[in-house]
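Predicted model, so just to flag it, every value in this text is computed and none were measured. In what follows, chains are A, B, ... by sequence order, proteins preceding strands, each numbered from 1.
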Number of protein chains: 2
Amino acid sequence: MLKFSEGGGDGLDAVFHALSDPRRRAILTRLCEGPASVSVLAAPLGVSLPAVVQHLAVLEDAGVITSIKVGRVRTCTLAPNALRAAEAWLSARRLPQERRLDRLEALLSTESHEREPS
Amino acid sequence: MLKFSEGGGDGLDAVFHALSDPRRRAILTRLCEGPASVSVLAAPLGVSLPAVVQHLAVLEDAGVITSIKVGRVRTCTLAPNALRAAEAWLSARRLPQERRLDRLEALLSTESHEREPS
DNA sequence: ACAATACTTAAGTACATGCTTAAGTTTTCG
DNA sequence: CGAAAACTTAAGCATGTACTTAAGTATTGT
């Protein structure tokens, strides 16, 4: 049913798909400033609320945002390390000539998230 | 007709859409090792040639690869800086707490791109 | 209680995507 | 020339996407 259900793959399909829509990127950009409710997120987008709710579902299914409902308000938050996997994939696929910095970044990143076994 | 025609936006739609398919990512991964023909790219994918040609069109429309036909062989190549825009967008959308390394990376990158080491 | 608020669900539409098979089109080789 | 190789185009199909309007469900303020 769900095409990007995290089941078989590594979630990259879902993350990149989530990022491929300008409204969803706008939502993420807004969430960088801090958590926000559904209607606050919807306001600048110029589409109906249900459309926004669908976009949020795509983002949440991809693990890029989280949300909780308190009372009648659902508050959405950018997931920590949400885009890390996508960024890592991109870094690894630079041309050799562009790749010099990646080792440094990888080394530094090791300190901040769960240590990758080498 | 074309949804991602580079016309109105900045191309991020097209790039992220291109990356959202595992076969297209496999193609890019293969192209990191060097240019390849359509049938070489098709071989490990387990789908028909026309399907692969369509994937290549998506990648080329997104500006991620280039291709030229010589004789009856089309050779595809990873576009230089192809994924830079996507990576930049991602870096800019990290949480503040994760953003410490970005300044360093940005600084170092300034010295290295647009400058081929000879 | 009543109504406004803030979603949420449902149904439906138009178009895009990813795939297939079948039938071209060029080249290139014997 | 004639056939094989390497695409290329065309047509069609099943599913997915993004949106809409309309109706429903909780919560909250008066």
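The nearest heavy atom of DNA chain C to A:V73 and to A:Q54 marks one nucleotide each, and the one closer to the 5' end goes with A:V73. For A:G71 and B:V40, each mapped to the nucleotide of DNA chain D holding its nearest heavy atom, the one lying further toward the 5' end belongs to B:V40. Nearer to the 5' terminus of DNA chain D, by closest-nucleotide assignment, is the contact made by A:V47 (compared with the other of A:V47 and A:V70).
Side-chain proximity of B:K69 to the nucleotides C:dT20, D:dT20, D:dC7 is greatest for D:dC7.
For the pair B:R74 CZ and C:dT25 P, the computed distance is 17 Å after rounding to whole Å. Protein atom CG of A:D21 is 15 Å distant from nucleotide atom C1' of C:dC15, rounded to whole Å. The interatomic distance linking B:L56 (CG) with D:dT9 (P) rounds to 13 Å, in whole Å. Straight-line distance from the CG atom of B:D13 to the P atom of D:dT17: 15 Å, rounded to whole Å. As rounded to whole Å, 15 Å separates atom P of C:dA22 from atom CG of B:L49. In this structure, B:R25 atom CZ and C:dG18 atom P are separated by 12 Å, rounded to whole Å. Atoms CG (A:L59) and C1' (D:dT17) sit 14 Å apart, rounded to a whole Å. Atom CD1 in B:I68 sits about 17 Å away from atom P in D:dA6, given to the nearest Å.
Residue A:H17 has no polar side-chain atom (N or O) positioned under 4.0 Å from OP1 or OP2 of D:dG16. In this structure, B:S48 reaches the C:dT20 phosphate: one of its side-chain N or O atoms is under 4.0 Å from OP1 or OP2. OP1 or OP2 of D:dC7 sits under 4.0 Å from a side-chain N or O of B:S37. Taking side-chain N and O atoms only, B:H55 has a distance below 4.0 Å to OP1 or OP2 of C:dC19.
Judged by distance alone, with hydrogens and angles left aside, B:R72 brings no side-chain donor or acceptor close enough to the base of C:dT26 to form a pair under 3.5 Å.
Using a 4.5 Å cut-off on side-chain heavy atoms (C-beta onward), A:V38 and A:L49 make contact. In this structure, the side chains of A:L59 and A:L31 stay at 4.5 Å or more apart for every pair of heavy atoms.
Nearest heavy atom pair, residue B:A62 against residue B:A14, reads CB-O, 3.5 Å.
Using a 4.0 Å heavy-atom distance criterion, A:S39 is classed as a sugar-phosphate-only contact.
Note on ring orientation: taking the six-membered ring where Trp is involved, the planes of B:F16 and A:F16 are parallel (angle under 30°, cut-offs 30° and 60°).
Although no hydrogens or angles enter the test, the distance criterion places a donor-acceptor pair under 3.5 Å between the side chain of A:R93 and the main chain of A:W89.
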